[in-house]
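Contents: one structure, followed by commentary.
What you see is a predicted model, and the numbers here were worked out from it, not measured in a lab.
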Amino acid sequence: MKITGIETCVLTIPTVKPIALDYPHHKLVVAQIATDDGITGLGYSMAFGGGGAEAIKVYLDTRLAPLLVGQDPLFVERLWERMFRGDRGIKRQGVAAYGISALDIGLWDIAGKAARLPLYKLWGAVTDRVPAYGSGGWPGYGVDDLLGEAERYAKRGCRYYKMKIHHPDPRENRKRVEAVRRALGDGVRLMVDANQKLDVLGARRQAKLLEDFDLVWFEEPVLADDPAACAEVAQSIAIPVATGENNYTRFEFRELLDRKAARYLMPDVCRANGFSETLKIGHLAAAHQVALSPHVVHELSLHVVGALSNGFLVEWIDWTPPDLFDGMPACEDGHFRIPDRPGHGVALARGAIEKYRTG
């Protein structure tokens, strides 16, 4: 089997309220890989809020796709190494990592279809049903928006809800967490996410004000670029730390693990150089008895969690319009059943490219 061509595009997808209060749209950088055997692979990276999508596409088209055309797509690891080592002067982070991710996801889609297996089974399944946490609580939300979203996830059976703590006054963040706790009761556990907005002292102060809520985790308390600071926070607060959505390679995650900087790691398959690298990160975390809870794109992350014994939760942000994908798994009783279709099981819906294409 040989790769005969790779078609790419950027899709701009509007979001719905209340998410639209902070992010009016997201963008997908899509790569459709064709082969001479008639099997096609769909890969994509999600640029949250749209940032950098056009640059990702240019890098993918000009530097990465030419490395794959004419090659056997079933040699996924070899092609991943070919892409990862293709530009010695460009670190495989940011734009480059998003591009590699989209193509690696598409290659694995082909591999699963050729084997007639869903990816989680191809990788050695541990479960076919994965719990989810509802995610949102953005700073642009009023209290009614916040409580309404949290209650909607709870009604879908989610027993976990994650909200942002972005207010400069940590007491205001506590008030919002307290309001959600009162509304949802003890049946739903909470997480908070600072999105890198604090320093070590600020994170300690905020954590002290939230300790009594028995939070599952405190996410990205400090800059993702500073694992030493993250470790300092993790070792000085009573709430477990989660991080990783803005880290890209197993080498970065190895440092987080070596420093004992987190109890939950959160690689994003669309950022962390695709399925290939995310699985390595997951196995590395297992060697340290650390849980993996991938960031967003739950329709893809499900396969990772379903293949790893240290997989924990997938993040569910309910923003995707019904006419974007075919095969999007549905949340039932707070869980997602992993699709049993070959590959990752997701396809673009008919007309989605024509409707949403902007590049």
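- When side chains are defined from C-beta on, Leu28 does not count as touching Ser45, because their heavy atoms never get closer than 4.5 Å.
- Using a 4.5 Å cut-off on side-chain heavy atoms (C-beta onward), Tyr141 and Ile19 make contact.
- Taking the side chain as every heavy atom from C-beta outward, His25 and Ile13 never approach each other to under 4.5 Å.
- Side-chain atoms of Lys2 never come within 3.5 Å of backbone atoms of Thr35 as a donor-acceptor pair (strictly under, hydrogens ignored).
- The CG atom of Leu209 sits 11.5 Å away from atom NZ of Lys175, with the distance rounded to the nearest 0.5 Å.
- The aromatic ring centres of Phe312 and Tyr264 sit less than 6.0 Å apart.
- With respect to the salt-bridge test (charged N to carboxylate O, under 4.0 angstrom), the residues Glu151 and Lys155 do not qualify.
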Leu257 and Val290: side chain to side chain contact (heavy atoms under 4.5 Å, CB included), yes or no, with the steps? CA-CA 8 Å; Leu257 290 164; Val290 168; 3.7 Å; yes
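- Electrostatic pairing of Glu77 and Lys280 counts as a salt bridge here, judged by a charged N lying under 4.0 Å from a carboxylate O.
- Salt bridge Asp212/Arg174: present, at least one basic N to carboxylate O contact under 4.0 Å.
- Looking at heavy atoms from C-beta onward, Arg189 lies out of side-chain contact with Tyr161 at the 4.5 angstrom threshold.
- Between Cys331 and Cys158, the shortest heavy-atom contact is SG-SG, 4.3 Å.
- Relative ring orientation between Phe48 and His295 is described as tilted, the plane-to-plane angle lying within the 30° to 60° band.
- Two rings, from Trp123 and Trp108, have their centers less than 6.0 Å apart.
- In this structure the side chain of Thr40 never reaches within 4.5 angstrom of the side chain of Ile33, judged on heavy atoms.
- Under the 30°/60° scheme for interplanar angles, the aromatic rings of Trp80 and Phe84 are found to lie parallel.
- Looking at heavy atoms from C-beta onward, Leu313 lies out of side-chain contact with Arg159 at the 4.5 angstrom threshold.
- Checked by atom type and distance alone, the side chain of Asn273 never pairs as donor or acceptor with a backbone atom of Ser101 at under 3.5 Å.
- With Asn195 contributing its side chain and Lys197 its backbone, the two residues share no donor-acceptor pair below 3.5 Å.
- Here CZ of Arg350 is found 15.5 Å from NZ of Lys355. Values are rounded to the nearest 0.5 Å.
- Using cut-offs of 30° and 60° for the angle between ring planes, the Trp316 and His298 rings count as perpendicular.
- Taking both residues in full, the closest heavy atoms of Ile239 and Ala207 are given as CD1-O, 3.8 Å, listed atom of the first, atom of the second, then distance.
- A donor-acceptor contact shorter than 3.5 Å is absent between the side chain of Arg82 and the backbone of Gly86.
- In this structure, the separation between CE on Met163 and CE on Met191 is 13.0 Å, given to the nearest 0.5 Å.
- Annotation: side chain of Leu60 is not in contact with side chain of Ile100 (no heavy-atom distance under 4.5 Å).
- Exactly one residue among Leu79, Leu67, Ile3, Leu64 makes a side chain to side chain contact (heavy atoms under 4.5 Å, CB included) with Leu103. That residue is Leu64.
- Atom CD1 of Ile281 is separated from atom CG of Leu308 by 11.0 Å, given to the nearest 0.5 angstrom.
- Scanning all heavy atoms of the two residues, the minimum distance from Leu348 to Leu42 falls at N-CD2, 3.8 Å.
- Under the 4.0 Å criterion applied to side-chain N and carboxylate O atoms, Asp340 and Lys121 are assigned as salt-bridge partners.
- Atom CG of Asp169 has more than 12 neighbouring heavy atoms from other residues, nucleotides or ligands inside a 6.0 Å radius.
- The CG atom of Leu107 sits 8.0 Å away from the OG atom of Ser276 when rounded to the nearest 0.5 Å.
- The side-chain tip of Arg250 does not point at the ring of Phe253 from less than 6.0 angstrom away and within 45° of straight on.
- Lys27 has a carboxylate O that lies under 4.0 Å from a charged side-chain N of Glu54, or vice versa, which qualifies the two as a salt bridge.
- Across every non-hydrogen atom of Ser301 and Val296, the tightest pair is OG-O, 3.0 Å.
- Atom CG in Leu324 sits 6.0 Å away from atom CH2 in Trp319 (nearest 0.5 Å).
- Between Gln206 and Asn173, some side-chain heavy-atom pair lies under the 4.5 Å cut-off.
- Under the 3.5 Å distance criterion, the side-chain polar atoms of Asn310 are matched with a main-chain donor or acceptor of Gly282.
- The environment of Arg129 atom CZ is dense: over 12 non-hydrogen atoms of other residues, nucleotides or ligands sit within 6.0 angstrom.
- Remark: Gln235 CD is packed, more than 12 non-hydrogen atoms of other residues, nucleotides or ligands lying under 6.0 Å away.
- Closest heavy-atom contact between Pro294 and Val305: CD-CG2, 3.5 Å.
- No donor-acceptor distance shorter than 3.5 angstrom exists from the side chain of Tyr120 to the backbone of His344, with no hydrogens or angles considered.
- With hydrogens and angles disregarded, no donor-acceptor distance shorter than 3.5 Å links the side chain of Asp37 to the backbone of Ile39.
- For the pair Arg92 and Glu277, the salt-bridge criterion is not met [side-chain N within less than 4.0 Å of a carboxylate O].
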